[in-house]
Enquirer: 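Once you've had a glance at the structure underneath, I'll fire off some questions.
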Amino acid sequence: MAAHVKVVARFRPVDTEDSLAVLVEDAQTVRMMRGAADLNAAFTFDRVFPMHAHQRDVFEYGIMDTVSDVLRGYNGTIFAYGQTGSGKTHTMMGPDIDHEELRGIIPRITEQIFSNILASPPALEYTVKVSYMEIYMERIRDLLVPQHDNLSIQQDTSKGVHVKGLSEYYVSSAAEVFELLRQGSTTRAVSATRMNTESSRSHSIVLFTIKQRNIETGSTKTGNLYLVDLAGSEKVGKSGASGQTLEEAKKINKSLSTLGMVINALTDGRSSHVPYRDSKLTRILQESLGGNSRTTLLVNCSPTAYNAEETLSTLRFGVRAKRIQNNAHVNAELSPMELRVMLQKANQQSAHYRKQIDTLERELVQWRAGESVPQSAWASTSVHASPVRSPTRSTVSLAETDELHEQLAEKEGIEQALRKELGTARTQTSEANERIFTLETEIQALQLHSDALAFARDEAVAQIEIVREMPPPAAPPIEREKGRDERLEDMFASLQLEHRPGVDTILALVDRLSLPGGQLSPEEVRMLRDTIIQEQVMLSEQIHTVRIHAQELSVLRLQKHALSERIGALQQRYDLITDHIGALEHGFRLGDETGGQLASLRRMLEEQTTASQLNTSNEVLHLEGLLTTRAEETVDLARSLDDLRASHDEQKQALHHLRLAVTADGTEAGPEAMQRLVDASELMEKSRELVTVRLREYERLKQQLMQGLRERSEKIVEMEMAMEEMQDQYKMLLETLNLRVQQRKMGILERHLEQLASVQRRLVEQNSALKQDMATADKRVAARNERIQALEEDLYATRQRLKVREERAMQDTENFSFGRIAKPMRGAGAVDASELKPKGGWFFSAK
Ligand SMILES: Nc1ncnc2c1ncn2[C@@H]1O[C@H](COP(=O)(O)OP(=O)(O)OP(=O)(O)O)[C@@H](O)[C@H]1O
């Protein structure tokens, strides 16, 4: 319901009307007549009360409707504005509450509230609360609990703008209200000034909070009524204030000037910002000025010319305030059914909140203790609650509902603070856990690298040891050739025949016998005989040698067989090496270059092996042929030896005949002797020829045998050297392979070392970053701990203050025999309000 602020002007009476500066032209118009610059200025208000207007008239016109509205659930505000001594307190409170005519608005309002309640339908149940405060030097003081001398203003969804901690007293009669007002009036700050020794220099505010509940429908309505007696609005110089009182006046003027600025902002149509927050007064009256309230402004003025300027200012203030448009509406609450449903929800949510708060507190204790709570065990921070504040019973009273509202609001505040703090702790811990996890992962990777490098290092050391323990490399080819020649020389030296002089001697002697008249002396015959014996011995030796050669042939066959087996073993080993190279190629994933080298090495090995196999096969074939040839030659040699042996026998027989023909002394020379000699000579001739033939044949065979032996020896030596060379090549190949593998491993080791160094650098950098983060986290934790400690100290201090306040409240309760317990009142129907008038006039008599 949109409505302008109702403005009522009232002029206080004066002793003499000679110096009046204003003229009340009619019930709504007043004109300045003298004493001010703006003469003849007319001001129109909703109502203008002249000097001798009655208190009842002022109340009935300007106030009564507002009280009715508040009882119907609207907010209402009535405030008196004017210079000191202009009659604000007279109008608001009145000089005598017992006096039917003199009592002011507040007593009349009080009586009307209760009379209206009693006259209301019985289905309506009311509770009335009263608060009383003053704003002095921009400090809010609870006049009913004087210890509450610096209260703060807060705003929330349930109570709107309100003074936190302001005491509220449940009242059920006008007398109780008057008793509270009297209690508050004793604590008001009063400072004497030249203009009015009883002037109040503070803003006093009486607050009625009236709640109406229809017990049949369950609907509730709440109306707040602010009754404000402002401090004097006169100029500082005129009030005569100085020193400390000057500061007071400035602060008083600050609230009033802010009030003027608020009204200007609300009425000039240009301002986008209304400075409600610039003073405590305007902050409290925020809803009264341009908000949800039905507001009446009483401008109190002095009609004298002496106060003309202040009067003119006051009237202008009233004119501006009149343009303020409020938008009042009934503060209705939910029906019982809705409330019941919400109460059940609230109960469930309350239980849930309690449980969740306990969980959060337990988790917070763990976080504070530096412990880590796994994310799966985190308490849920989701909020599903709606602001419902009601008790559990279906027939709940308004007072109980209010208390539950407050409890839930307080719990919500605690829970929100806990949630916020817990969220911060969780975030910080999650960040720290992520950093720790990252570092642990890198440390594990580094550990794996380190293990791999340690393994490679051990393997390299083992390879080095193997290489170190290897036999020295084979002799160079020149030395091998030299050894080959020496071995051949030795072999020929061992096979050198030394019977050549003997044969030559025999041949020479036989040649002499074959000459005509050739004869041999006994010495020559003896030498021939000895030579033949030596030759026989040598023949025996040659036969033995042939046998030895036969044995050697057997040995050669065995060697051939062993060589074949060795070739097979080498082939197997080559296959193993090939497989090993393949595994290395696969394991190390060699590059093209290394793969090419290994392929080349493999080809070389294969070629060498193939050539060696071919040579060996050829050699075996050649040896087999040689063996056959040698066997044949051996047979021929044996045959020659048999012939030689037969020739030798013949020679022996001829020598015997010759020995018979030649006597020892040379005297036997008869025909018979000569015939034997001729026979012997013939026999010798034949023997000589046979020996010559055999010797030549023997020589040929011997030459062939020597040649064969030489060739065989050469082959054997070459085979041995080939074998050794193959062994050397095999060793070199192994060395080469080991060297390749070692080089490959060294390369891998170097790469691993580079990676390790890189990772170590990163680790060092991350370690330093982690240290910085840890330092920052420590600072945060320290700051958080300090904050927690401060909060705990604040909580402790708050509890102590609460305890003190409760004690004081208990004292105050003891002082007031009422106020802390809701006293629901019900209407009695059409009751004559006149019957409910208070009987006593104690208020102002006590003052
Ligand atoms: N309408 C009136 N009829 C009779 N006396 C009045 C009227 N208005 C004011 N007075 C008297 O004038 C004197 C000053 O009035 P009052 O204390 O109400 O002024 P005030 O504006 O409240 O001053 P302050 O700002 O200091 O509180 C009082 O003695 C009061 O009785």
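Counting starts at 1 for both ligands and their atoms, in listed order. Only heavy atoms go into these numbers, but all of them, side chains included; no hydrogens, no water, no symmetry mates.
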Enquirer: Check for me whether Q55 has a heavy atom closer than 4.0 Å to any atom of ligand 1.
Expert: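 The answer is no, since Q55 has no heavy atom less than 4.0 Å from ligand 1.
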
Enquirer: Any chance you could measure T222, atom OG1, to K211, atom NZ, to the nearest 0.5 Å?
Expert: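 Nearest 0.5 Å value for the OG1-NZ distance: 4.5 Å.
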
Enquirer: Assess whether a salt bridge exists between E100 and R56, defined as any Lys/Arg side-chain N lying under 4.0 Å from an Asp/Glu carboxylate O.
Expert: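 Between R56 and E100 there is a salt bridge, with a charged N closer than 4.0 Å to a carboxylate O.
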
Enquirer: Which atoms from ligand 1 have a heavy atom of G232 less than 4.0 Å away?
Expert: 25 (O)

Enquirer: Backbone, side chain, both or neither: what part of Q83 comes under 4.0 angstrom of ligand 1, heavy atoms only?
Expert: backbone

Enquirer: If you measure every N or O of H90 against every N or O of ligand 1, does any of those distances drop under 3.5 Å?
Expert: yes

Enquirer: Which atom pair, heavy atoms only, marks the closest approach of M92 to A80?
Expert: CG-CB, 3.7 Å

Enquirer: I'd like to check whether D229 has a polar contact with ligand 1, where a contact means an N/O of the residue lying under 3.5 Å from an N/O of the ligand.
Expert: no

Enquirer: Looking only at distances, can you tell me whether any N or O atom of G85, backbone or side chain, sits closer than 3.5 Å to an N or O atom of ligand 1?
Expert: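 Between G85 and ligand 1, an N or O pair is found under 3.5 Å apart.
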
Enquirer: Can you give me the closest heavy-atom contact between N116 and S68, atom names plus distance?
Expert: ND2-OG, 4.0 Å

Enquirer: Any idea which part of P95 is under 4.0 Å from ligand 1, heavy-atom wise: side chain, backbone, both or neither?
Expert: neither

Enquirer: When you check the gap from the basic side-chain N to the acidic O, do K280 and E138 get nearer than 4.0 Å?
Expert: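 No, K280 and E138 are not salt-bridged.
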
Enquirer: If you count the atoms of ligand 1 from 1 in the order shown, which ones are under 4.0 Å from a heavy atom of R10?
Expert: 1 (N)

Enquirer: Check this for me - ligand 1, P13, N or O atoms closer than 3.5 angstrom, yes or no?
Expert: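 N/O-N/O distance below 3.5 Å does not exist for this pair.
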
Enquirer: Quick one: are I140 and I205 in side-chain contact, heavy atoms under 4.5 Å?
Expert: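 They are not in contact (no side-chain heavy atoms under 4.5 Å apart), so the answer is no.
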
Enquirer: Using non-hydrogen atoms of the residue, decide whether T84 is closer than 4.0 angstrom to ligand 1.
Expert: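 The answer is yes, since T84 has a heavy atom less than 4.0 Å from ligand 1.
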
Enquirer: Please assess Y276 against L289 for the test side-chain contact (heavy atoms from CB on, under 4.5 Å), listing each intermediate value before the final yes or no.
Expert: CA-CA 9 Å; Y276 292 115; L289 302 167; 4.2 Å; yes

